Amino acid sequence: MKAEPARTEIPGELRLEMHARLLRVRIASRRLAELYREQEMRTPAHFGLGQEAVAVGVVTALRPGDVVYSHHRAHNHYLASGGSVYELAAELYGREAGCSRGRGGSAHLTAQAVGFIASTAILGETIAIATGSALAFSMRGERRLAVSFFGEAACEEGIFYESINYAAIRRLPVLYVCENNLYSTESPLSVRQPAGTELCERARSFKLKAERVDGNDLAAVYEASARLADGLRRGEGPAFLECMTYRWLEHVGPHFDHEAGRTYRSREEVESWMQRCPVKRSAAEIIRLGVADEAALAALSNGITRDVEDAVKRARAADPPPQGDLYADVW
Amino acid sequence: MKAEPARTEIPGELRLEMHARLLRVRIASRRLAELYREQEMRTPAHFGLGQEAVAVGVVTALRPGDVVYSHHRAHNHYLASGGSVYELAAELYGREAGCSRGRGGSAHLTAQAVGFIASTAILGETIAIATGSALAFSMRGERRLAVSFFGEAACEEGIFYESINYAAIRRLPVLYVCENNLYSTESPLSVRQPAGTELCERARSFKLKAERVDGNDLAAVYEASARLADGLRRGEGPAFLECMTYRWLEHVGPHFDHEAGRTYRSREEVESWMQRCPVKRSAAEIIRLGVADEAALAALSNGITRDVEDAVKRARAADPPPQGDLYADVW
Amino acid sequence: MSGDALRPARNIKFKDALSEGLCMAMERDPGIFVTGISVDYPSGIFGSTVEALRRFGPARVFDAPAMENALTGIAIGAAVMGMRPVVVHPRNDFMFLAFDQLINVAAKWRYMYGGRAGSVPIVVRGIIGRGWGQGPTHSQSLQSVLAHFPGLAVVMPASPEDAKGLTMAALRASHPVIILEHRSLFELTGPVPEEYYATPFGHAKVVRPGVDLTLVATSYMVQEALVAAGVLAKEGIEVEIIDPRSIRPLDEETILASVRKTGRLIVADTSWECCGFSSEIAALAAEKAFDALRGPVRRLSSPNCPAPVAASLESVLYPKASTIVGLSLHMLGRHPQGNLRGIDAVDTFKGPY
Amino acid sequence: MSGDALRPARNIKFKDALSEGLCMAMERDPGIFVTGISVDYPSGIFGSTVEALRRFGPARVFDAPAMENALTGIAIGAAVMGMRPVVVHPRNDFMFLAFDQLINVAAKWRYMYGGRAGSVPIVVRGIIGRGWGQGPTHSQSLQSVLAHFPGLAVVMPASPEDAKGLTMAALRASHPVIILEHRSLFELTGPVPEEYYATPFGHAKVVRPGVDLTLVATSYMVQEALVAAGVLAKEGIEVEIIDPRSIRPLDEETILASVRKTGRLIVADTSWECCGFSSEIAALAAEKAFDALRGPVRRLSSPNCPAPVAASLESVLYPKASTIVGLSLHMLGRHPQGNLRGIDAVDTFKGPY
Ligand SMILES: Cc1ncc(C[n+]2csc(CCOP(=O)(O)OP(=O)(O)O)c2C)c(N)n1
Ligand SMILES: Cc1ncc(C[n+]2csc(CCOP(=O)(O)OP(=O)(O)O)c2C)c(N)n1
Ligand SMILES: [Mg+2]
Ligand SMILES: [Mg+2]
């Protein structure tokens with residue numbers, strides 16, 4: 001990981017805004033994971049606890065008109081984009097008020113109004129789709145960016161290379177964000193990448209600009225994203241950002257590994273990463289810089305918690321899709 | 001392209017043997033292309049005229065037990081491996097005596113007895129298949145290599161990256177030989193690769209050993225292959241060899257571009273590459289080194305020409321598959 | 001009948017009708033672009049994209065690397081942003097590489113976001129190869145497997161008129177459309193209206209009316225059916241030929257109406273039998289026109305083997321006009337007079353393509 | 001009947017039967033290895049690969065990166081060199097990514113080299129998901145599209161006995177075999193012989209004899225069919241349930257014999273209807289047992305939409321025992337007594353997997 005540059009250049013206001021967004025993602029995700037245990041949300045859900053800074057840091061570097069795509073672990077990206085907690089919760093509960101009207105579930109989210117276009121459940125798919133949206137922007141001369149969030153396992157799928165090759169040939173404005181959390185389900189990197197692999201090197205061999213950052217460092221993610229987004233808007237061609245991070249919970253579902261008796265990661269490893277909690281780190285930095293004090297942050301957190309609570313309650317109480325609509329919207 | 005190292009270390013005998021093989025590939029390919037004009041060979045055929053040194057140079061570095069896979073432009077690899085001219089011609093004529101009993105045609109060749117396992121018509125397929133054969137060798141502790149020949153367009157397909165990643169993780173004994181002839185059908189590199197692309201760089205980013213050679217220089221191809229094959233046999237993991245070369249004829253079929261009115265390559269470009277004919281270069285080198293004289297090479301050529309003529313005549317006269325066998329060998 | 005022809009139709013080739021449909025659609029909709037391997041070659045997909053390139057230039061008709069899966073995803077992503085991509089595969093067999101994007105994404109997009117992520121109006125053209133040693137992986141016919149999936153429209157033009165009309169309909173649909181075009185039809189000439197018109201999906205065409213037997217034929221098999229019907233007519237047998245044109249959505253009613261009239265059904269399709277379109281139509285009749293059936297339905301499809309290259313085998317591979325005549329006579333309890341093979345078209349195609 | 005049981009069969013679970021079949025085959029054939037994402041996890045493909053890993057170790061049961069297409073090609077290449085790879089997909093929906101290798105290569109290998117490049121004895125296992133919001137891309141059922149292609153065997157065990165027997169048969173076949181295993185069957189318990197035995201492909205099983213109606217059911221639908229048959233028996237209706245077990249090759253004779261006996265046919269399949277297996281069987285009957293049919297054949301399959309996630313929609317998505325009972329009664333001119341829904345199994349599955 002690179003040495004961290006001084007970051008006083010991020011205005012305090014923006015830091016606070018990002019932190020608020022981070023808190024919202026964290027608090028909503030955590031609450032949803034809690035509720036998920038009740039078995040009322042019948043949709044396989046991949047929670048992103050621990051990885052929130054990636055989504056927030058990247059999305060903060062975007063502008064209106066830019067679009068975001070995500071993968072199976074989509075909640076963070078949806079929420080960071082400004083997607084409604086109520087609609088997300090309703091989606092998980094399988095309600096008509098869900099962002100996808102209960103049809104797609106956890107892995108198929110959409111919030112077009114805030115630029116979050118879609119997530120899909122099969123690895124690698126949205127990497128190409130984001131590239132295609134960038135193609136549309138490029139063909140129409142629009143200065144918009146497409147962002148594709150995916151896990152490092154998607155870099156095992158051929159579609160990733162087909163896509164970045166294409167984006168590089170046509171200098172498309174796509175930011176490929178790889179959230180490297182070291183595992184694919186329960187498989188460590190060692191069974192999936194040759195020793196010594198640098199994904200950035202791969203991206204560079206396709207002529208992408210590439211950077212690697214500490215994905216738990218909100219400011220670092222934001223700065224790298226802003227830098228790369230600048231280049232993208234100047235037409236310098238696609239970029240790749242690898243964010244090193246870690247998922248706290250099991251691959252799918254609400255439990256910690258140890259609760260579920262899973263042994264592929266040691267408890268020490270999980271806990272050491274939890275020490276590097278992106279929310280705590282962001283809070284500490286904000287306090288250190290004097291942007292806000294502990295009390296202000298607590299108030300912020302409390303407000304969000306109340307909003308989230310209200311949203312999930314309403315979502316749970318919302319109506320399911322009418323059975324007569326089974327065939328609606330097939331095409 | 002690299003500076004060419006001195007090559008006196010290749011024994012004269014081996015040079016002559018390689019040259020004989022080269023001549024056989026050339027003479028047979030050329031004769032088949034001539035006969036193809038008669039419209040009696042009803043199978044889309046991709047001739048490899050101009051590219052023969054790649055096949056011969058690589059295959060000469062192999063040992064009994066090693067296996068070879070190829071793609072749509074398969075004749076050179078089949079012939080260089082020692083595949084029968086008679087069976088190849090019979091295959092093109094759609095005869096029961098064909099190497100694939102007339103079922104597969106030009107793109108689906110096999111000659112298992114000489115280690116040429118198979119070629120297929122869809123880009124990239126055999127890259128994975130060769131990798132799988134190497135997996136079998138590796139699992140059984142056999143010191144055999146698998147070679148995969150493909151064109152540079154196959155490096156646009158995701159399967160190439162999936163395969164080399166896998167081979168590198170498991171350190172499989174595969175030699176990936178990319179015949180870069182600058183075109184895919186009529187598409188130049190510029191629409192298929194970002195400017196400045198080095199395929200070797202890509203391969204290296206997957207932790208393969210990688211070299212690029214002048215594919216029209218038989219000795220250079222052989223030496224690079226021998227070097228890489230050595231490493232493979234020592235278990236050093238997969239290697240990638242890019243051979244820069246050029247196809248003389250149209251993409252599919254027996255004509256020169258100008259005969260068929262094709263305009264994607266200039267006549268000058270084609271002719272400049274024909275000047276760099278691998279057969280002429282090999283002959284000149286052999287004469288220069290005093291390994292054989294012009295007369296001896298002419299005699300060699302004449303002998304091969306007679307053999308080829310005999311083979312193609314017999315093939316043409318051979319029997320077609322009986323119609324009653326339509327359903328044989330489905331499984 | 002597709003479109004209300006204001007001016008009289010001229011006779012043009014299938015490939016030119018494809019081209020005309022594409023160009024007319026591109027003129028109206030600036031969001032349409034065409035991509036895929038070789039679309040911008042002088043030979044432009046057997047002539048069908050040449051005019052589009054000439055008129056709309058390389059910004060809208062452009063080549064692509066070999067990357068079938070990602071390219072399909074890219075088309076989807078462009079479509080979601082308001083474009084109308086046309087992805088062309090010189091052989092539909094290459095589409096297997098793109099099945100994930102086609103089936104897991106394009107087909108389900110609208111539904112799986114409850115309509116809130118818009119729809120995916122992509123058009124995918126795939127050419128079906130046949131003969132001259134196209135062989136096992138360049139002559140398959142994918143309508144049956146693609147039509148299995150809700151969310152995909154699969155159409156197969158069998159005449160120049162429909163080549164144009166279905167292309168234009170595809171290019172204004174609000175969902176993914178796969179057009180499977182048979183290589184053996186590209187040189188076929190027929191009347192094509194000059195106007196812009198869209199041949200609606202889900203409307204079968206009664207290609208030839210008849211009363212004795214219903215012959216549902218797809219794509220190139222319509223040509224074989226027409227030859228067969230001509231021969232049978234001389235025997236006093238009037239075959240009704242129905243071209244479904246769209247495989248999905250399927251015009252069940254036109255087919256069922258015919259079966260109810262004739263009581264006999266042969267389905268001649270270019271794909272394989274097992275779980276194929278011929279089975280679909282046979283099942284349809286057995287389920288919804290059972291009482292009208294006067295005898296067993298019969299399926300004619302690709303034989304149960306991969307396509308071999310050798311001419312000797314290729315010549316017995318496909319069901320042909322003679323096969324249809326023989327089977328029709330048999331179904332009607334009649335006996336074929338002499339050798340029927342003479343009626344079959346001789347393939348005059350010159351290779352390698 | 002599969003295998004000649006020497007010792008009495010014990011009752012074991014479907015997943016354990018899969019495991020037992022795999023282990024017994026691996027014991028006999030050192031060339032068998034198992035790979036695919038998560039095969040070596042403690043949860044080992046819902047328990048079915050755990051014992052194989054324990055007994056044969058990581059050299060023969062090993063994880064793979066996410067690379068479905070290349071992995072299938074790798075399996076082919078290993079098979080051609082004499083190995084017997086088993087590739088496992090935790091959801092069969094991931095297999096679309098591998099369709100090129102499966103259909104363009106594996107299915108055609110033997111044929112397209114005229115038998116001279118050997119054959120490709122790979123086994124591909126794909127799990128069919130269902131319920132609990134599996135959703136549009138994790139609950140498809142691919143037998144119909146795969147069975148379309150000559151050269152592929154496609155089997156669907158519906159009982160623990162066949163889970164073991166078909167696995168062992170697949171692992172000694174000389175061609176590619178695709179085993180589609182329904183997730184909802186993994187916990188099903190039933191008698192399984194202890195011996196090594198191979199359930200031959202192309203032999204349907206008469207799961208329950210009957211005289212009034214033939215019910216061809218695949219995979220999990222056999223369970224629904226059994227419930228339905230029990231209910232119908234109380235009404236004095238004897239349904240004959242036939243489990244084809246292998247979709248390709250298909251045992252036409254057993255099915256036709258039953259239809260000839262009962263004169264009535266319902267096909268209940270887990271895939272979609274259009275060009276699906278239910279159509280295949282309906283067509284088969286209409287073509288080859290027409291004279292015996294006493295009424296229209298009927299197809300029950302997945303409804304014409306992608307699978308939604310919401311429980312309210314999922315609950316009306318699949319045809320169930322009650323659907324079968326209702327339809328059977330209707331076909332026999334009888335009226336259902338009361339609300340049939342009560343007979344349907346309640347899904348007690350706990351998520352997320
Ligand atoms: C093509 C495909 N193969 C396998 C899966 C099953 N699968 C779902 S999530 C996942 C792990 C992906 O890991 P990564 O991309 O690193 O993302 P993470 O879960 O770590 O966030 C796998 C293998 C899938 N959804 N799609
Ligand atoms: C998946 C796939 N896409 C497209 C094609 C059509 N095609 C056949 S050969 C060819 C060109 C391949 O170029 P390259 O790999 O460089 O080999 P070369 O022909 O130059 O030897 C193409 C595009 C194919 N066979 N398979
Ligand atoms: Mg990961
Ligand atoms: Mg090339």
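In what follows, every heavy atom counts, from backbone to side chain, and hydrogens, waters and symmetry copies are set aside. Treat the numbers as computed from the prediction; the structure is a model and nothing was measured. Protein chains get the first letters and strands the later ones, always in sequence-line order, with residue 1 at the start of each.
Separating the CZ atom in C:Arg172 from the CG atom in C:Asp29 is a distance of 11.5 Å, to the nearest 0.5 Å. A distance of 8.5 Å separates CG in C:Asn92 from CD1 in C:Ile127, rounded to the nearest 0.5 Å.
Contact of A:Leu172 with chain C is not made at all, since no heavy-atom distance falls under 4.5 Å. There is no contact between C:Ala173 and chain A, counting heavy-atom distances below 4.5 Å. In this structure, the portions of A:Leu326 lying under 4.5 Å from any heavy atom of chain C include both its backbone and its side chain. With a 4.5 Å cut-off on non-hydrogen atoms, A:Leu135 touches chain C through its side chain but not through its backbone. In this structure, the portions of C:Pro150 lying under 4.5 Å from any heavy atom of chain A include both its backbone and its side chain. For A:Gln112, the part lying under 4.5 angstrom from a heavy atom of chain C is the side chain only. Of the atoms belonging to A:Tyr161, not a single heavy atom falls under 4.5 Å from chain C. A:Glu157 does not touch chain C: none of its heavy atoms, backbone or side chain, sits under 4.5 Å away. Of the atoms belonging to A:Ser119, it is backbone heavy atoms, and not side-chain ones, that fall under 4.5 Å from chain C. If you measure heavy-atom distances from A:Ile122 to chain C, the contacts under 4.5 Å come from the side chain alone. The parts of C:Pro249 that come within reach of chain A are both its backbone and its side chain, each placing non-hydrogen atoms under 4.5 angstrom from that chain. Heavy atoms closer than 4.5 Å to chain C are found nowhere in A:Ala121, neither backbone nor side chain. When heavy atoms are compared at a cutoff of 4.5 Å, C:Ala59 approaches chain A solely by way of its backbone atoms N, CA, C and O.
Of the residues listed (C:Glu51, C:Lys164, C:Arg54), the one engaging C:Ser19 in a side chain to side chain contact (heavy atoms under 4.5 Å, CB included) is C:Glu51, and it is the only one. Of the listed residues (A:Arg73, A:His75, A:Glu91, A:His72), just one forms a side chain to side chain donor-acceptor pair (under 3.5 Å) with A:Ser106, and that residue is A:His75.
Between A:Phe150 and A:Phe160, the ring center distance clears the sub-6.0 Å criterion. A ring-centre distance under 6.0 Å is found for A:Phe149 and A:His77.
Note: C:Tyr113 and A:His108 have perpendicular aromatic rings, judged against thresholds of 30 and 60 degrees for the angle between ring planes. Using a 30° and 60° split on the angle between ring planes, A:His46 and A:His251 fall in the perpendicular class, above 60°.
Of the residues considered (C:Met81, C:Glu68, C:Gln101), C:Met81 shows the highest number of contacts with chain A, using heavy-atom pairs under 4.5 Å. Among A:Gly158, A:Cys99, A:Ala130, the residue with the largest count of heavy-atom pairs under 4.5 Å with chain C is A:Cys99. When the candidates A:Asp325, A:Ile169, A:Leu109 are compared by the number of heavy-atom contacts under 4.5 Å with chain C, A:Leu109 comes out ahead. Listed options C:Ser119, C:Gly115, C:Ala117 were ranked by heavy-atom pairs under 4.5 angstrom with chain A; first place goes to C:Ala117. Most heavy-atom pairs under 4.5 Å with chain C, from the set A:Gly104, A:Ala118, A:Ser163: that is A:Ala118.
For A:Arg170 and C:Phe62, the positive end sits near the middle of the six-membered ring, less than 6.0 Å away and at most 45° from its axis.
Other residues, nucleotides and ligands place no more than 12 heavy atoms under 6.0 Å from the CZ atom of A:Arg63.
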Applying salt bridge (Lys or Arg N to Asp or Glu O under 4.0 Å) to A:Asp329 and A:Arg101, what does each step give before you reach the verdict? CA-CA 11 Å; A:Asp329 291 310; A:Arg101 297 179 52 228; 2.9 Å; yes

